[in-house]
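For clarity, every value in this text was computed on a predicted model and none was experimentally measured.
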Amino acid sequence: MRTEAPEPVRPALDAPKTPDVTRTVERLEGLSVVGRATIGPVGVPTPGLLESRHLGEAGPGLGLFADEAPVGIRRLVVTDGHERVELSIPVPAPEITGTPGIVLPVADRAFVVRAPLPIDGVVAAREARPELIVLANARALWAEGLPFVRAVGELRTQLGAAPVVWAPRVALPHRIPLLAYLGFDLTDTTEGLLAAANGAYLDPSLGTLPAATARSERLCDCPGCRGEEAALEVHATAMYRRAIAETRAAARSGRLRELVEARLPAEPALAEMLRYADRDLASLLEERAPVVAEGSRAYVLAEARRRPEMVRFRSRLLERYRPPPSKTVLLLVPCSRTKPYRNSRSHRRFWGALEGLPNLERVHGVSVSSPIGLVPRELEDVPPARHYDIPVTGDWSEDERSAVRSGLDHLLAHGAYRSAVVHLDPAEYGFLKDRFPDRLPTRWTLDDDRTGAPAALASLREAVAEALGREGPVPGGPLAVVREELNARAAVQFGRSAAERLFAPPLRLAGRPWFERVTDGRSDLATVREERGLFHLTIAGARRLLPDPPLAVSIDPRLSLSGDLFVPGVRTADPAIRAGDSVILLRGEELAAVGEAALPGRLMTELEHGLAVRVRHRSHAPTDTAMTEERPRADEGPVV
């Protein structure tokens with residue numbers, strides 16, 4: 001069960017200061033905040049590893065050891081080799097199951113908690129601005145499954161992203177990627193060292209292996225496996241170090257989710273936890289997922305179709321997208337390995353076969369794929385449609401079929417289609433046949449899967465020509481359709497109401513296919529690069545969205561905003577903002593600037609340090625000559 005935390009508001013710059021939670025953000029991956037943080041005087045990388053050691057034992061990285069303490073208290077010391085912080089943790093009875101519903105201070109701005117969290121304790125902890133939260137009953141919760149994931153949701157919803165969260169005695173090397181993905185900033189080696197003391201040979205990919213087999217195959221070259229020191233415990237520590245290094249490297253390269261999925265075969269509990277997280281933490285995971293992407297990502301396992309960026313694309317298609325009204329002939333085609341689809345050999349053949357047909361702008365091309373579902377041609381560059389790769393077998397799971405059916409039902413319900421042409425293998429895509437209503441003339445063009453064969457292309461041209469024969473030209477011509485397509489893409493990004501205001505006619509389109517400018521004939525309103533797929537607003541475009549703009553960030557009225565915007569200057573931020581969004585900066589009711597979000601909206605007010613918005617254009621007084629205010633150009637482009 002999720003309990004909504006109150007909307008955070010940043011105090012004014014001259015408000016009385018409370019101590020900052022010093023945390024820097026390099027990247028967000030899942031619920032993980034990749035960067036650095038402080039716990040008292042101790043600096044920690046996140047995600048980080050606490051290496052359990054004997055009192056006085058030295059070693060690299062962060063150390064964790066138990067110190068002498070009174071009866072009923074466990075005193076743990078965290079050290080980076082130079083500084084240390086002591087945690088005095090009360091020991092309940094029984095210790096393993098713990099007492100639920102506890103929030104207790106254990107050091108300055110450090111709390112031990114046991115889920116489920118009591119409301120009064122959460123309020124006290126939130127007011128203290130904690131640096132460290134220790135989930136004391138994490139091990140017991142892990143054994144139960146779902147309660148562990150629900151505890152994650154409680155912690156991050158109620159206490160935000162700023163505190164470092166540690167789950168003691170849960171981590172094994174193969175679990176570390178998932179624990180990091182779920183937002184646990186610190187894990188420790190205690191559980192693995194205990195397992196090693198009982199004869200376990202730990203492996204970060206498969207969990208455990210027979211020690212004799214692993215050594216005979218020389219799988220590891222650590223001192224323990226070379227026989228230089230006490231074998232299994234030393235090997236276990238080496239595997240923890242490898243696992244945390246792999247986790248950080250995957251997170252920094254944007255591939256932590258892929259690493260998590262790769263580790264699932266090591267232990268059934270990992271798949272169980274990920275399924276719970278994708279279901280119960282879906283809103284938190286989506287909030288942290290950027291709306292922009294680079295390169296290509298592999299979506300191999302069934303779990304990949306539940307990744308937050310895929311879920312968001314399918315959801316926004318149903319919630320925000322409407323087919324362009326001038327598109328009256330629906331054309332369904334298969335996806336392609338090459339992204340965007342229009343650059344693939346198969347799609348060039350499809351559209352090449354239709355060249356010269358009158359009123360071709362009436363045709364609405366839509367690609368059918370998994371795990372993304374349906375992709376209208378005007379959304380081919382919108383992430384992740386441009387950035388995914390999948391194994392192609394022709395076999396569809398029921399979940400995959402359901403996503404495609406839902407998308408098709410949505411298009412048919414909201415589109416102005418008067419006919420449909422389906423250029424898909426009827427054996428593979430037969431599950432779509434009953435989705436077309438009897439009133440809609442529908443023609444399937446294929447008998448097999450050879451979509452690019454000469455006969456198939458001839459059949460495609462014939463079917464589309466027949467459908468277009470019943471259509472007249474679009475009022476306003478092809479450029480009117482372009483405006484509708486721009487509006488549809490903007491609706492997916494900003495919402496339909498904002499898109500209508502942003503792209504109200506008259507408009508002009510200028511630039512090249514890989515970099516387009518939308519203008520009002522005098523000033524640019526928005527620009528879009530092919531590789532980004534989403535619009536960047538200009539000052540003139542942002543003004544069209546006032547007085548109630550989407551994706552708005554309110555800044556301190558006295559902030560000069562001479563450079564980028566950092567989180568101390570943020571007063572409030574729209575919680576709908578995602579990293580990569582084009583956002584509008586407001587100073588009071590006045591437009592101050594536009595830029596690209598570096599953080600989700602909630603984290604702009606939950607964190608105390610770091611970049612919030614990369615400012616692209618600033619608003620200037622009417623008497624200024626604004627470098628970023630677009631001047632009329634000779635190549636204003638055609639009216640759309």
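The CG atom of Leu186 lies 7.0 Å from the CG atom of Leu132; values are rounded to the nearest 0.5 Å. Note that the CG atom of Leu178 and the CZ atom of Phe184 stand 9.5 Å from one another [nearest 0.5 Å]. To the nearest 0.5 Å, atoms CD (Glu485) and CG (Leu479) are separated by 10.5 Å. Here the CZ-CE distance, from Arg314 to Met310, works out to 7.5 Å after rounding to the nearest 0.5 Å. Note that the CD atom of Gln493 and the CG atom of Leu534 stand 4.5 Å from one another [nearest 0.5 Å]. Rounded to the nearest 0.5 Å, atoms CD (Glu29) and CG (Leu31) are 11.0 Å apart.
The local environment of CZ in Arg316 is crowded, with over 12 non-hydrogen atoms from other residues, nucleotides or ligands closer than 6.0 Å. Within a 6.0 Å radius of CD in Glu530, other residues, nucleotides and ligands contribute more than 12 heavy atoms. Dense packing is recorded around CZ of Arg279, with more than 12 heavy atoms of other residues, nucleotides or ligands lying under 6.0 Å away. By the neighbour-count criterion of 12 heavy atoms within 6.0 Å, atom CG of Asp389 is densely surrounded, having more than that number from other residues, nucleotides or ligands.
Ion pairing of Arg508 with Asp524 is absent here, as no side-chain N (NZ or NE/NH1/NH2) approaches a carboxylate O to less than 4.0 Å. Taking a cutoff of 4.0 Å between a charged side-chain nitrogen and a carboxylate oxygen, Glu608 and Arg23 do not qualify as a salt bridge. Glu380 has no carboxylate O lying under 4.0 Å from a charged side-chain N of Arg386, or vice versa, which leaves the two without a salt bridge. Between Arg305 and Glu303 no salt bridge is recorded (no basic side-chain N to carboxylate O distance below 4.0 Å). Under 4.0 Å is where a charged nitrogen must lie from a carboxylate oxygen, and between Glu484 and Arg489 no such pair does. Salt-bridge check for Arg297 with Glu309: failed, with every basic side-chain N at 4.0 Å or more from each acidic carboxylate O. By the 4.0 Å N-to-carboxylate-O rule, Arg156 lies close enough to Asp185 to be salt-bridged with it. Classification of Asp381 and Arg342 as a salt-bridged pair holds, one side-chain N sitting under 4.0 Å from a carboxylate O.
Using bins of under 30°, 30° to 60° and over 60° for the plane-to-plane angle, the ring pair Tyr321/His410 lands in the tilted bin.
Proximity of a side-chain donor or acceptor of Thr538 to a complementary backbone N or O of Leu525 within less than 3.5 Å is detected. Proximity of a side-chain donor or acceptor of Thr187 to a complementary backbone N or O of Ile176 within less than 3.5 Å is not detected. Without hydrogens or angle criteria, Asp564 side chain to Val615 main chain gives a donor-acceptor distance under 3.5 Å. Between the side chain of Thr519 and the backbone N or O of Gly521 there is at least one donor-acceptor pair closer than 3.5 Å. The closest donor-acceptor contact from the side chain of Asp581 to the backbone of Arg578 lies under 3.5 Å. The main-chain N or O of Glu83 is found under 3.5 Å from a side-chain atom of Thr79 such that the two form a donor-acceptor pair. The backbone N or O of Val492 sits less than 3.5 Å from a side-chain atom of Arg320, completing a donor-acceptor pair. At distances below 3.5 Å, not a single donor-acceptor pair connects side-chain atoms of Arg616 with backbone N or O atoms of Glu596. The backbone N or O of Glu26 lies less than 3.5 Å from no partner atom in the side chain of Arg252, so there is not a single donor-acceptor pair. Checked by atom type and distance alone, the side chain of Arg496 never pairs as donor or acceptor with a backbone atom of Ala491 at under 3.5 Å.
Looking at every heavy atom in both residues, Phe313 comes nearest to Ala385 through CE1-CB, 4.1 Å. Across all their heavy atoms, Thr247 and Ala180 have their closest contact at CG2-CB, 3.7 Å. Closest non-hydrogen pair, Leu486 versus Phe503, comes out as O-CE1, 3.6 Å. In plain terms, the two heavy atoms of Pro600 and Leu28 that are nearest each other are CD-CD1, 3.3 Å. Between Ala250 and Leu259, the shortest heavy-atom contact is CB-CD2, 3.8 Å. In terms of heavy atoms, Leu607 sits closest to Ala162 at CD2-CA, 3.8 Å.
Looking at Ser367 and Arg377, their side chains never come closer than 4.5 Å, going by heavy atoms from C-beta outward. Between Ile133 and Leu155, some side-chain heavy-atom pair lies under the 4.5 Å cut-off. Counting heavy atoms from C-beta on, the side chains of Val34 and Pro45 never come closer than 4.5 Å. Side-chain contact between Phe566 and Val613 is absent, with no heavy atoms from C-beta onward closer than 4.5 Å. With contacts defined as side-chain heavy-atom distances shorter than 4.5 Å, the pair Ile372/Tyr388 qualifies. Considering only heavy atoms from C-beta on, Thr157 comes within 4.5 Å of Leu284 through its side chain. Here the side chains of Val149 and Met273 are in contact, with some heavy-atom distance below 4.5 Å. Between Arg532 and Val292, some side-chain heavy-atom pair lies under the 4.5 Å cut-off.
In terms of the ring pair (Phe, Tyr, Trp, His ring centres under 6.0 Å) criterion, Phe494 has no residue partners (sequence neighbours excluded).
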Discussion item. Let's go through Asp188 and Trp166 carefully: what are the C-alpha distance in whole Å and the side-chain angles of both, what is the deciding distance for side-chain contact (heavy atoms from CB on, under 4.5 Å) to 0.1 Å, and is it a yes or a no?
Written reply: CA-CA 8 Å; Asp188 61 88; Trp166 170 28; 2.9 Å; yes

Worksheet entry | Test log, rule side-chain contact (heavy atoms from CB on, under 4.5 Å), inputs Leu509 and Arg517 | CA-CA 6 Å; Leu509 185 63; Arg517 297 169 30 241; over 6 Å; no

Discussion item. Run the salt bridge (Lys or Arg N to Asp or Glu O under 4.0 Å) test on Glu127 and Arg129 for me, step by step, so that the C-alpha distance in whole Å, both residues' side-chain angles and the decisive distance to 0.1 Å come before the verdict.
Written reply: CA-CA 5 Å; Glu127 290 176 350; Arg129 309 278 286 281; over 6 Å; no

Practice prompt. Check the pair Asp574 / Val553 against side-chain contact (heavy atoms from CB on, under 4.5 Å), numbers first and verdict last.
Written response: CA-CA 6 Å; Asp574 187 343; Val553 178; over 6 Å; no

Practice prompt. Could you go through the side-chain contact (heavy atoms from CB on, under 4.5 Å) check for Val570 and Ile555 one step at a time?
Written response: CA-CA 5 Å; Val570 176; Ile555 68 174; 5.6 Å; no

Discussion item. Set out, in order, the CA-CA distance, both residues' side-chain angles and the distance that settles salt bridge (Lys or Arg N to Asp or Glu O under 4.0 Å) for Arg501 and Asp548, then state yes or no.
Written reply: CA-CA 11 Å; Arg501 284 181 281 159; Asp548 185 26; 5.9 Å; no

Fill in: Audit row: Glu154, Arg150, salt bridge (Lys or Arg N to Asp or Glu O under 4.0 Å) steps and yes/no
CA-CA 6 Å; Glu154 274 194 289; Arg150 286 178 172 166; over 6 Å; no

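Judged as a salt bridge (Lys or Arg N to Asp or Glu O under 4.0 Å), not a single pair has a partner in residues 33-44 (not counting sequence neighbours).
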If you look only at distance, which donor and acceptor atoms sit under 3.5 Å apart when one is on a side chain in residues 583-595 and the other is two or more places apart or in another chain?
| residue | atom | partner | partner atom | Å |
| --- | --- | --- | --- | --- |
| Arg587 | NE | Pro557 | O | 3.3 |
| Arg587 | NH2 | Leu559 | O | 2.7 |

